[in-house]
Amino acid sequence: MFDINTILRQNIKNLTPYSSARDEYTGEASVFLDANENAFGSPLSNAYNRYPDPMQHQVKLRLSSIKGVPVRNIFLGNGSDEAIDILFRSFCNPGVDNVIIVPPTYGMYQVSANINDVEARKVLLTEEYQLNLEGIAEAINKNTKLIFICSPNNPTGNSINRDDIETLLANFNGIVVIDEAYINYSRQKTFIQELTEYANLVVLQTLSKAWGLAGLRVGMAFASEEIIEVMNKVKPPYNVNEASQLLALEALGNVAQVNAWIKETLEQRDKLVLTLKDFDFVLDIYPSDANFILVKTTNARAIYDFLVQHGIIIRDRSKVELCEGCLRITIGTPAENNTLIETLQGFN
Ligand SMILES: *Cc1c(COP(=O)(O)O)cnc(C)c1O
């Protein structure tokens, strides 16, 4: 059985979190002289002179109604990358504990592990880019705290089999982190409805992809109240700034626009796949549940360089394990995708 107390770091268990002025008094008042702010205002037409809400309540309320998840189960970070780092700092003792990652996958899990001096045990995906459950079971030991699963996976684009993820959730006594950065593009169901089922589940989502707000740096983690409490204790007090909170709130009011873009992105993806298939240098295009495709080519580096010369930047993933010869291409606007295709017609 999963018990958060058996995996939490002792120093975090004992931690008295920083108590900010805005934590100590949260009610209404006419005069705030408690946070050493500039009471006169700021050069920005009197805005932003006050510290932001450390718990981002308004944004969480809005997310709660969009996602159907209670506010107490939502953590907000400076991008989901911050949530990844906070999971390491909360649960992994440097130099002692380990996590499991399943390459080829998102690079930040490994980088965050390195920064925190935590061993990342690699269990490669299968040739079909699915979990190697036996390999994962062998890699787990008593110091394994986190397993990172990215679904839909970056850079391969496919979703990970739901049954396999549930097997991990049901049998692993540490935390299973499911990174759903691309879930809005997927035919697969999100795991955020399963929080009541699995106490060891953390789901990461972000406003950086389908929501079109990569510049704001707002990421979400959904988990049990116990896990969210720990993450809130460890996070920097004002980790999501006021501008990001206000703009995120405004953007979250326009779900319809985002849904229209998702639909168009998927149409563009299908179209791009059909067109790319006919190029001689394209060997394979992997099925994608995301807003990018992974394309296996005869000469990845030459194609990449050729596109750079024509002002088009894609991602060369050909040096990544299990991605030999592969390029990752983000789906653009119709005009951008046409430019890509027309330019590739000049490659030989
Ligand atoms: C892009 C991406 C993210 C986003 O991170 P943010 O810090 O929220 O911008 C997270 N996970 C994966 C797999 C990604 O590809």
Side-chain angles (χ1 to χ4, degrees), residues 56 59-60 63 66-67 74-89 99-113 115-116 120 122 125 129 131 146-160 165 175-186 188 190-192 201-223 231 235-236 239-241 243-245 247-248 251-252 258 261-262 265 269 286 288-294 313-317 320 322-323 326-332:
Q56 310 103 8
V59 184
K60 284 179 185 170
L63 279 171
I66 293 174
K67 304 283 179 183
I74 306 175
F75 166 89
L76 290 186
N78 186 358
S80 38
D81 287 350
E82 185 182 40
I84 294 168
D85 179 64
I86 286 176
L87 288 167
F88 276 99
R89 290 197 283 150
V99 304
I100 290 174
I101 62 174
V102 291
T105 192
Y106 185 46
M108 272 311 287
Y109 316 136
Q110 175 78 67
V111 172
S112 219
I115 291 169
N116 287 286
K122 291 188 203 168
L125 294 175
Y129 296 145
L131 298 179
L146 311 169
I147 300 179
F148 286 93
I149 310 290
C150 185
S151 182
N153 188 38
N154 179 4
T156 59
N158 64 298
S159 293
I160 304 298
I165 298 178
I175 289 176
V176 179
V177 183
I178 307 177
D179 188 340
E180 296 188 339
Y182 301 98
I183 193 69
N184 309 73
Y185 300 103
S186 177
Q188 291 260 336
T190 169
F191 266 90
I192 60 175
L201 168 63
V202 173
V203 179
L204 303 179
Q205 293 187 4
T206 180
L207 298 188
S208 297
K209 305 290 157 63
W211 281 92
L213 297 169
L216 284 194
R217 312 306 302 127
V218 180
M220 310 155 242
F222 302 92
M231 294 179 76
K235 81 178 182 68
N239 62 327
V240 181
N241 69 68
S244 292
Q245 290 192 42
L247 292 169
L252 289 168
V258 173
W261 277 329
I262 291 168
T265 301
R269 185 183 70 195
Y286 297 93
S288 170
D289 257 345
N291 66 336
F292 59 85
I293 49 175
L294 189 71
I313 315 302
I314 59 171
R315 203 81 197 267
D316 180 6
R317 301 280 78 185
V320 173
L322 293 181
C323 295
C326 288
L327 298 166
R328 193 193 71 188
I329 305 175
T330 306
I331 309 304

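Note that ligands are numbered from 1 as they come in the structure, with each ligand's atoms numbered from 1 the same way. All values below were derived from every heavy atom in this structure, side-chain atoms included, with hydrogens, water molecules and symmetry-related copies excluded.
Nearest protein neighbour of atom 15 (O) of ligand 1, counting heavy atoms only, is Tyr182 OH, 2.7 Å. For atom 12 (C) of ligand 1, the closest heavy atom belonging to the protein is Asp179 OD2, 3.4 Å.
The aromatic rings of Phe148 and Phe88 sit parallel to each other, their planes meeting at less than 30°, with 60° as the upper class boundary. Ring geometry for Tyr106 versus Tyr109: interplanar angle over 60°, hence perpendicular rather than tilted (30 to 60°).
Remark: ligand 1 atoms within the under-4.0 Å shell around heavy atoms of Gly79 are 6 (P), 7 (O), 8 (O). Listed by atom number, the atoms of ligand 1 under 4.0 Å from Ala181 heavy atoms are 2 (C), 3 (C), 10 (C), 11 (N), 12 (C), 14 (C). The Asn154 neighbourhood of ligand 1 comprises atoms 15 (O), with distances under 4.0 Å to a heavy atom of that residue. Residue Cys150 approaches ligand 1 through these ligand atoms, each under 4.0 Å from one of its heavy atoms: 13 (C). Listed by number with element, the atoms of ligand 1 under 4.0 angstrom from any heavy atom of Ser208 are 6 (P), 8 (O), 9 (O).
By the 4.0 Å heavy-atom criterion, Arg217 is counted among the residues contacting ligand 1. The shortest heavy-atom distance from Ala214 to ligand 1 is not under 4.0 Å.
Residue contacts with ligand 1, taken as heavy atom pairs separated by less than 4.0 Å, do not involve Glu82 at all. Both the backbone and the side chain of Asp81 come within 4.0 Å of ligand 1, judged by heavy-atom distances. Looking at Ser80 against ligand 1, both its backbone and its side chain come within 4.0 Å, counting heavy atoms.
Between Asn78 and ligand 1, not a single N/O pair is under 3.5 Å apart. The shortest N or O to N or O distance between Tyr109 and ligand 1 is not under 3.5 Å.
Of the candidates Met108, Glu180, Lys209, Gln205, it is Lys209 that places a heavy atom closest to atom 2 (C) of ligand 1.
Within the 3.5 Å criterion, the main-chain N or O of Leu294 finds no donor-acceptor partner in the side chain of Arg317. Between the side chain of Ser244 and the backbone N or O of Leu216, at least one donor-acceptor pair lies under 3.5 Å. Between the Arg89 side chain and the Asn116 main chain, no donor and acceptor come within less than 3.5 Å of each other.
By the 4.5 Å heavy-atom criterion applied to side chains, Ile314 and Arg328 are not counted as neighbours.
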Open item on the list: Please determine whether side chain to side chain donor-acceptor pair (under 3.5 Å) holds for the pair Asn291 and Thr265, giving the CA-CA distance in whole Å, both sets of side-chain angles, and the decisive distance to 0.1 Å.
Closed with: CA-CA 7 Å; Asn291 66 336; Thr265 301; over 6 Å; no
TODO: Applying side-chain contact (heavy atoms from CB on, under 4.5 Å), run through Phe191 and Ile183 and close with a yes or a no.
DONE: CA-CA 10 Å; Phe191 266 90; Ile183 193 69; over 6 Å; no
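Among Ile160, Asn158, Thr190, the one residue that satisfies the side chain to side chain contact (heavy atoms under 4.5 Å, CB included) test with Ser151 is Ile160.
When only modelled atom types and interatomic distance are considered, Glu82 and Asn239 share a side-chain donor-acceptor pair under 3.5 Å.
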